[in-house]
Amino acid sequence: MSATARESRRRTAPTGNLLLDSLPRGEFARLAPHLKPSRTALLEELHCRSTSDPDVFFPVNSVSSLLVHGLDGSEVEVATVGNEGMVGLPVFIGSEAVVFEAITQVPGEGLRLPRKILTRELRRRSAFNDRLTEYAEAMLLSVGQACLCSRMHGKVERCARWLLSVADRAPGSEFPLTQKFLSWMIGVRRATVTEAARELQRRKLIDYRRGEVRVLDRKGLEAASCECYAHVRAEFDILRRRWTERPGSRIAPRT
C-alpha cells in the first residue's frame with residue numbers, strides 16, 4: 001500500500017471515538033492530520049483545574065473522571081468521560097481556564113487534538129459544533145443527575161451506579177479501582193466506600209480485590225443501582241443513535 005493510500009485510509013477509518021466517528025468525512029479529514037495517538041496511565045492528570053491546556057482529549061478505550069474540589073480539599077466526581085465524548089468541553093464554550101480537573105480512571109488509548117485546531121474548526125460553524133453542542137447537553141444532564149444522586153440515594157446505590165457507568169466505557173468487565181478513587185467517585189469516606197463495595201460483593205454482583213473490580217452480574221448490579229444510572233444511560237443511548245444515523249457516520253450500530 002502506498003503512503004498516499006495509507007494516509008487516505010487513516011483519514012476515513014473509524015477512530016473508536018464516537019464523537020469523531022460521527023463527523024462527515026470531509027470534516028474528519030481536516031482534523032485527522034492533527035489527531036495524535038496518546039496512551040494515558042492510571043490517575044494521569046489530563047487537565048488541571050484553573051489552567052489553560054494546549055490539548056483536548058478524545059478517549060478511545062480509556063475512561064476519565066471530571067472532579068470538583070471543595071475548600072476543605074475534598075474531591076468528588078461529577079462526570080465520567082469515555083469514548084462517547086471529549087475531555088476539554090470548556091474549550092468549546094471559549095473558556096481560557098479548565099473548570100474541572102480531569103484524571104484517568106481506566107488507562108488506555110485516546111487521541112489528542114491541539115486546542116488551536118479545535119478552535120479553528122469551531123469557527124467554521126460546522127457539524128463539529130453540532131456534535132459538541134449535543135454532547136455538552138448530555139453532559140449537563142449527567143452532572144445534574146450526579147448532584148441529585150449524591151443528595152437522594154444511599155452509598156450502595158451510588159456505588160452501583162458509578163460502577164455501571166465505568167463498565168459501560170471500559171474495554172472489559174474488569175478495571176482498576178482503589179478505595180481512594182471510589183471515595184472520590186461517590187463522595188464519601190474510604191471506610192464507607194469499603195462497606196458499599198463489600199455489600200455488592202456479598203450479593204455476588206462484583207468481585208473486588210487488590211485494586212481491581214470485576215462485574216459478575218450486570219443485571220443484578222443494575223437492579224442495585226438507583227434510577228439515575230438508567231436515566232443518564234438513556235440520554236447517551238439517544239445521542240449514539242442520533243450520531244449513528246447521520247450521513248457519513250462511521251459508528252457501528254450497537255448490537
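- Rounding to the nearest 0.5 Å places CG of N17 at 8.0 Å from CD of E84.
- With sequence neighbours excluded, the residues that form a side-chain contact (heavy atoms from CB on, under 4.5 Å) with P24 are E27, A127, R131.
- Transitive grouping of hydrophobic side chains (ILVMFWY, heavy atoms separated by less than 4.5 Å) keeps L140 and F92 in distinct clusters.
- Ring geometry, F175 versus W162: the interplanar angle exceeds 60°, so the pair is classed perpendicular (tilted spans 30 to 60°).
- R161 and E157 are not joined by a salt bridge, as no carboxylate oxygen comes within less than 4.0 angstrom of a charged side-chain nitrogen.
- Ion pairing between R202 and E199 holds under the 4.0 Å rule for side-chain N and carboxylate O.
- Taking 4.5 Å as the limit, some side-chain heavy atom of M139 sits within range of a side-chain heavy atom of F236.
- Applying the side-chain contact (heavy atoms from CB on, under 4.5 Å) criterion to A146, with sequence neighbours excluded, gives no partner residue.
- Taking every heavy atom of both residues into account, S150 and R158 meet most closely at CA-CD, 3.7 Å.
- For R124, the side-chain contact (heavy atoms from CB on, under 4.5 Å) partners are R30, E121, S126, not counting sequence neighbours.
- Annotation: side-chain contact (heavy atoms from CB on, under 4.5 Å) contacts of T119 (sequence neighbours excluded): V91, R115, R123.
- Within the 3.5 Å criterion, the main-chain N or O of A138 finds no donor-acceptor partner in the side chain of E235.
- Think of L148 as one node in a network of Ile, Leu, Val, Met, Phe, Trp and Tyr side chains linked at under 4.5 Å; its network also takes in M152.
- Taking hydrophobic clusters as Ile, Leu, Val, Met, Phe, Trp and Tyr residues chained together by side-chain heavy-atom distances below 4.5 Å, L163 does not share a cluster with L216.
- N61 places no side-chain N or O within 3.5 Å of a backbone atom of G108 that could act as its donor or acceptor partner.
- Within the 3.5 Å criterion, the main-chain N or O of T15 finds a donor-acceptor partner in the side chain of D21.
- Note on residues 134-149: pairs passing salt bridge (charged side-chain N to carboxylate O under 4.0 Å, His left out), not counting sequence neighbours, are E134-R242, E134-R246.
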